[in-house]
Amino acid sequence: MKFIINKFQIVNVLAKVQGLTGRRSNLAITENVLIRAVNNGIHLTATDLETGFEGFYPASVEKEGAVAVSAKKIFEILREFPSEDILIHEVENKWIEIGNEKVQYHIVGMNPDDFPETPHIMDVDFFSIEASILEKMIERSVIISAAGDEKRAHINGVFVERTHHDVNRLRFVSTDGSRLNAVNHFYASSENIPAGEGVLVPKKGLNEVAKFLDIEGEVQIGIKDSNFIVKKEKETIIIRMLEGEFPKYEDILAKGNDHLIKLDKIKFGKMLKRMSILATDNYKGAVFTFDDNKLVVTATNPDYGESKEETEIEFTGKPIEAAFNPKFFMDTLSVIDEENVIINIVDGSRPCIVEGDTDKTFIGVIMPMRI
Amino acid sequence: MILHIDMDAFFASVEHLDHPELKGKALVVGGDSGRGVVAAASYEARRYGIHSAMPMFMAKQRCPRLVIVPPRKDRYSEVSRSVMAILHRYSPIVEQVSIDEAYLDAAGCGRLFGHPRAMASAIKTDILNRVALTCSIGIAPLKFLAKIASDMHKPDGLTVITRETLSDVIASLPVEKVPGVGRHAHEQLRRMGVATLGEVRKIRPSVLVERLGKFGHRLSDLAHGRDESTVIPHSPTKSISTERTLSADTRDREQLKQHLLAQSQEVGRQLRRQGFLARTITLKLKNTDFKQMTRSVTLDHPSQSSETLYRTAESLLARQALDRAVRLIGVGASGLIADTTPRQACLFPGMGRKENGWNKVDRAVDQIAERFGRSAVHRGSLSPPDDLSMD
């Protein structure tokens, strides 16, 4: 195998696959990237056994062949390389030479035949979405992340739903058991989006997808068997989906008619930040009291003391007292791009709904804490 | 002035009290199995050289007619509570340091009870009248000396160290009597030619620190009659744990798990009774060579459930290689927070963590134990097989 490649064709993509190759799997070879040189370019493959990436990049190939080489090392070598065109050459079995007369590396690879095979999935019914919209949907979903040792599929995965009922809608639903975000994208026609069963796509894999999405252009999404596929012109990511049930969540998105409280997002966010300064792992909660045109937030931590803040809101009726983890609100506000947010609260034991003033593509739900 | 109140041979005295027929007999409280140790010895037994922590077989060798009584912790706690209640009538500043020992700050109580000595006499009379037990009280301007004083004329003693006599006491106090001086420190001090606390003064503090670590500072302070420690009325519970020396060393994991099950139940019961959730669970093991090791795990969600305690402790045990037989096993809970602290509720009640159902079981079991005693109800796997006969 021997080819010359332009540094800028490949350094960026090598940077992006580090998330996959850096993750521990039970195969040592997944720390490598597989490089296959064909007549007019190279195929680059990386996987963590759950999420696989494959891309094609033009190169002037002198001799075809394949190598598996440490993703971290080849990335560092190419990133620091002083010239634009770089010669990569398998001089003998698994020994790869990178460089020219002045700068030269010899690094040892692994057997490319041992690299896990990328599934070849046929007859996929793809639908398209703007890359920037998909990126936003992913961002709004994965802000609710799963703990490292989480076992439950409905928390490790984002529920991806395609419906034609009254609207043609792609929806991502993400939860950690205490809060939930539902993120919508609407299509004009049912032909733009094939309906199908809801699926669970690992948050980890979607995080990787987000890295490959550009500001412009469209990408294709396909769901087939147990695979979730995101395809650009020259790059494809295949995520192995999770098996499991996603809880019935529609009811908790239903808003009440009372107490739709409009708040200035930035001001509310700053207030939450101040009220979370005293929070620690053991004392995360703050008590929100909605009373005659005011909202009072108090936070108590026996280890430090207490804090209290009052702000004016439009609120009448019976006062409501509810304890919340302010961080949940801060996370939710961070993915709403509007000046004002609407909070819909019923009482201290039922979920509180947070959304933008006008934007209907996002609904956040936060469960109170039990006092 | 600070008072140190120490009940005389507490467990043994309670047994004498409840079993008058044993009065005057050498009595110890403790397990009578092959490996039991003496938890408390009556003064009659002490005359044979028997003391607490002595292996039971040794105690029996020293006094063949020794009366051995199994411990009744609940009864001792009950008496202890009565004693502490009496102390609280004399001063609001009472620090209970163990089941049979407390400090009391007499500052500001002079107008009510007179001189501390008079107050101590009144306390002794009160305790004798109400629970029919004697105690020894030490009075001193410094906390550590109060403890030393209470030990000077046991049993039924009353010893006062005043500002005037303080320096004489320090000068002649054997250094091993100072709280904090263990075998190691004693040996180090002996090598430096120090036999009494007064002699510590001739050693430079830097040398003391070099030999004894941080404790060197404190020892030097004590030798110069400085003790900043005060009587702390209520020290909040930092951890709850239980441990047990096995009747025979073992490497049998099933048997160890059974102990963990019973211990988790007990620690869980304590957590629930005192209103705590624990963030950290610790497994403690001591092997045949007396080598001790502890392993801890921090929970994502603080818990007071016996089941969670057991699952956690068991998983710690599973990760532990048992190349030596285990002699002692224990479970501890720390990182305690009040169970009234707001807790995150679940969006999907059916899909939460599995604990909710166990809460009900725990509560029911606790209530039964409260009413009928702790042996009234326990896990099925903790019953000996012959208990299962259906006749």
Side-chain angles (χ1 to χ4, degrees), chain A residues 144 146-155 173-182 244-253 279-288 298-303 321-328 347-353 364-371, chain B residues 232-240 271-272 274-281 295-305 307-308 311-316 318-319 333-360 362-363:
Chain A
I144 301 181
D149 54 353
E150 182 58 58
K151 301 270 189 309
R152 292 167 289 178
H154 71 277
I155 288 173
V173 193
S174 175
T175 185
D176 61 4
S178 310
R179 51 188 168 147
L180 176 144
N181 285 352
E245 291 282 306
F246 196 80
K248 293 262 167 284
Y249 69 91
E250 288 84 357
D251 288 352
I252 60 176
L253 296 183
T280 54
D281 269 357
N282 285 342
Y283 303 98
K284 290 176 179 152
V287 176
F288 292 54
T298 55
T300 308
N301 183 334
D303 295 338
E321 190 184 78
F324 289 103
N325 181 343
K327 183 180 175 289
F328 289 180
D347 59 30
S349 63
R350 273 179 280 181
C352 172
I353 294 174
V365 182
I366 299 170
M367 195 66 189
M369 298 176 93
R370 280 193 298 269
I371 311 179
Chain B
I232 302 157
H234 170 73
S235 58
T237 309
K238 293 216 176 80
S239 66
I240 292 173
L271 284 171
R272 294 185 292 275
Q274 300 183 38
F276 286 120
L277 297 168
R279 186 164 274 281
T280 305
I281 310 298
R295 293 287 178 270
S296 299
V297 150
T298 299
L299 304 172
D300 276 348
H301 302 272
S303 174
Q304 57 180 193
S305 141
E307 176 71 9
T308 303
R311 293 273 161 241
T312 311
E314 193 239 309
S315 74
L316 287 169
R319 272 183 256 159
S334 55
L336 305 182
I337 57 168
D339 60 6
T340 49
T341 307
R343 252 191 295 178
Q344 184 61 53
C346 280
L347 266 178
F348 311 107
M351 300 186 83
R353 281 161 297 112
K354 295 272 148 56
E355 239 178 44
N356 297 342
W358 284 104
N359 286 345
K360 283 188 196 156
D362 282 337
R363 228 175 302 140

Given side chains that start at C-beta, do those of A:Met369 and B:Gln344 come closer than 4.5 Å, heavy atoms only? yes

Sort A:Asp281 into side chain, backbone, both or neither according to what part of it lies under 4.5 angstrom from a heavy atom of chain B. both

Please classify the contact of A:Thr300 with chain B as side chain, backbone, both or neither, using a heavy-atom distance under 4.5 Å. neither

Is A:Leu180 in contact with chain B via its backbone, its side chain, both, or neither, using a 4.5 Å heavy-atom distance? both

Looking only at non-hydrogen atoms, find the nearest pair between B:Ala345 and A:Met367 and report the distance. O-CG, 3.4 Å

Partner residues of A:Asp347 under the salt bridge (charged side-chain N to carboxylate O under 4.0 Å, His left out) criterion, sequence neighbours left out: A:Arg350

Minimum heavy-atom separation for A:Arg179 and B:Leu347, please, with both atom names. C-CD1, 3.4 Å

For the atom pair CZ (B:Phe348) and CD (A:Glu245), what is the distance rounded to the nearest 0.5 Å? 12.5 Å

Partner set under ring pair (Phe, Tyr, Trp, His ring centres under 6.0 Å) for A:Phe328, not counting sequence neighbours: none

